[in-house]
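Naming convention: chains lettered A, B, ... in sequence-line order (proteins, then strands); numbering from 1 in each chain.
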Protein chains: 2
Amino acid sequence: MHLLAQEEYGLRCLLQVANGPSDRPMAISDIAEAEGLSLEYSAKLLRQLRIGGLLESRRGVSGGYWLTRPAEEISVWDALQVLGGTFLSEAFCEEHPGQATSCLRNSNCGIRPMWELIESSLRELLSNVNIAELNNGECCMRERLGMPVAEDSKHLAIAEKS
Amino acid sequence: MHLLAQEEYGLRCLLQVANGPSDRPMAISDIAEAEGLSLEYSAKLLRQLRIGGLLESRRGVSGGYWLTRPAEEISVWDALQVLGGTFLSEAFCEEHPGQATSCLRNSNCGIRPMWELIESSLRELLSNVNIAELNNGECCMRERLGMPVAEDSKHLAIAEKS
DNA sequence: TCTATACTTGACTAAACAGTATAGAATCCT
DNA sequence: AGGATTCTATACTGTTTAGTCAAGTATAGA
């Protein structure tokens, strides 16, 4: 139950495109530089986002990437579906039979409802955050998400220790 | 953002121990058989749960595993901490600097609050479910979690298609 | 058409996860 | 003490993820 690197970095690349110029494509090199990633890795992630239908691209001089629809209409859920697949695959039970031919818990599994609840909670939460909002900065996002804004952030707390 | 196999299977092994006889240890072979897992894999997962402090064990004839505290006092969050680590590591930002020496978003990251919200939502939800409940079966858990009980379960919906 | 630019594709290496195999050590019973 | 039982510890193989590399192709402009 880890956040994948490509979910983090892929989302960051997508945010760069969303935040880029609206009249022309944004080049991979600019995106990579802005996020401190290698050009090659950014290219890989951007390609994945293109294949997933969130971006379009053009090659050649003044080529680059742009969004297929307005940033306000792309949810974080959409992005993570493309970048990391689902938390709980539809075939999860079929994929975890252990050594049996089908999962022995199939008929009465107390765990399954819990995974499903998590999945639906994540969907609920992330479907309602769009990538335009994420570009508005940390304080805006904290406020938007109903989180405490100042000292008690986990990150700041760590920084204070040192 | 996947559920790890060891989180699913490890939790299942833990549930078997919780559901086992209270007057004597439960053998790996019984646990493995009950969940349809290989003895070796079960042993690996149970060992991890022991090292994580949720189980104790004894070797030899009539040896096996037992809980270190009552099942009602072991939350799913506790189990997943041992089995899968955290969703969002405390060092997450430090671990994702890309090619830079430290993450370029460090001072103002719109994404971080969102990951933190997910982490705390998961903790909130999973800390309040204990492993004794999970052994009460699917219908009980659905009711317990405020989920629809019958036809509109994802799993049943899939089954009905075929 | 030639060329520089910038994305595309597939292959490749290293690390983490999934699951298996095996020799070893502790416990109980006789 | 001896031996069967059952957990322990480490190593090993295959698959997925992380990230890099290099050769190729499309585009714009001269």
>> Below 4.0 angstrom, which residues in residues 9-33 of chain A have at least one non-hydrogen atom near DNA chain C?
In response: A/M26, A/A27, A/I28
> Which residue, B/H96 or B/V61, contacts DNA chain D at a nucleotide closer to its 5' end, judged by nearest heavy atom?
Replying inline: B/V61
> Which part of the nucleic acid, if any, lies within contact of B/L46, taking any heavy atom under 4.0 Å across all strands shown: a base, the sugar-phosphate backbone alone, or nothing?
Replying inline: nothing
>> Measuring to OP1 and OP2 of D/dT25, would you say a side-chain N or O of A/R58 lies under 4.0 angstrom away?
In response: no
> Are any of A/Q99's side-chain N or O atoms less than 4.0 Å away from OP1 or OP2 of C/dT20?
Replying inline: yes
> Taking the side chain of A/R50 as its heavy atoms from C-beta onward, which of C/dT8, C/dA18, D/dT20 lies nearest to it?
Replying inline: C/dT8
>> Please report the distance, rounded to the nearest Å, between CG in A/L83 and P in D/dT17.
In response: 13 Å
> Looking at C/dC28, C/dT22, D/dA9, which one has an atom nearest to any side-chain atom of B/S62?
Replying inline: C/dC28
> On a plain distance test, is the side chain of A/R59 in donor-acceptor contact with the base of D/dT25 below 3.5 Å?
Replying inline: yes
>> Which label fits B/Y9 and B/Y41: parallel for a plane angle under 30°, tilted from 30 to 60°, or perpendicular past 60°?
In response: perpendicular
> Rounded to the nearest Å, what distance is computed from the NZ atom of residue B/K44 to the P atom of nucleotide C/dT22?
Replying inline: 16 Å
>> Rounded to whole Å, please give me the gap between CG in B/L45 and C1' in C/dG19.
In response: 9 Å
> Is there a donor-acceptor pair closer than 3.5 Å between any side-chain N or O of B/E7 and the backbone N or O of A/M1?
Replying inline: yes
> Roughly, in whole Å, what's the span from CE in B/M1 to P in D/dT17?
Replying inline: 15 Å
> Do B/E8 and B/R12 meet the salt-bridge criterion of a basic N to acidic O distance under 4.0 Å?
Replying inline: yes
> For the pair made of CD in A/Q48 and P in C/dT9, what is the distance, rounded to whole Å?
Replying inline: 13 Å
> If pairing requires Watson-Crick or G-U wobble contacts with both distances under 3.5 Å, which nucleotide is the partner of D/dA9?
Replying inline: C/dT22
>> In whole Å, I'd like the distance from the CD1 atom of B/I51 to the P atom of D/dC7.
In response: 15 Å
> Could you state the CG-C1' distance from B/L3 to D/dT16, rounded to the nearest angstrom?
Replying inline: 16 Å
>> For the CD atom on A/E95, are there more than 12 heavy atoms of other groups (residues, nucleotides or ligands in this structure) within a distance under 6.0 Å?
In response: yes
> Do the charged groups of A/R142 and B/E116 touch, with an N to O distance under 4.0 Å?
Replying inline: yes
>> Check the phosphate of D/dT17 against A/Y41, side-chain N and O only, distance under 4.0 Å to OP1 or OP2. Yes or no?
In response: no
> In terms of heavy-atom contacts, does CD of A/E56 have more than 12 from other residues, nucleotides or ligands at under 6.0 Å?
Replying inline: yes
>> Please confirm whether the shortest side-chain N or O distance from A/S38 to OP1 or OP2 of D/dT20 is below 4.0 Å.
In response: yes
>> OP1 or OP2 of C/dC17 versus the side-chain N and O atoms of B/Q6: is any pair under 4.0 Å?
In response: no
>> Taking 4.0 Å as the cut-off, does a side-chain nitrogen or oxygen of A/S57 come that near to OP1 or OP2 on C/dA6?
In response: no
>> I'd like to know whether CD of B/E73 has more than 12 heavy-atom contacts from other residues, nucleotides or ligands below 6.0 angstrom.
In response: yes
>> Rounded to whole Å, how long is the line connecting atom CG of B/L37 with atom P of C/dG19?
In response: 9 Å
> Is a donor on one side and an acceptor on the other found under 3.5 Å between the side chain of B/E33 and the backbone of B/D30?
Replying inline: no
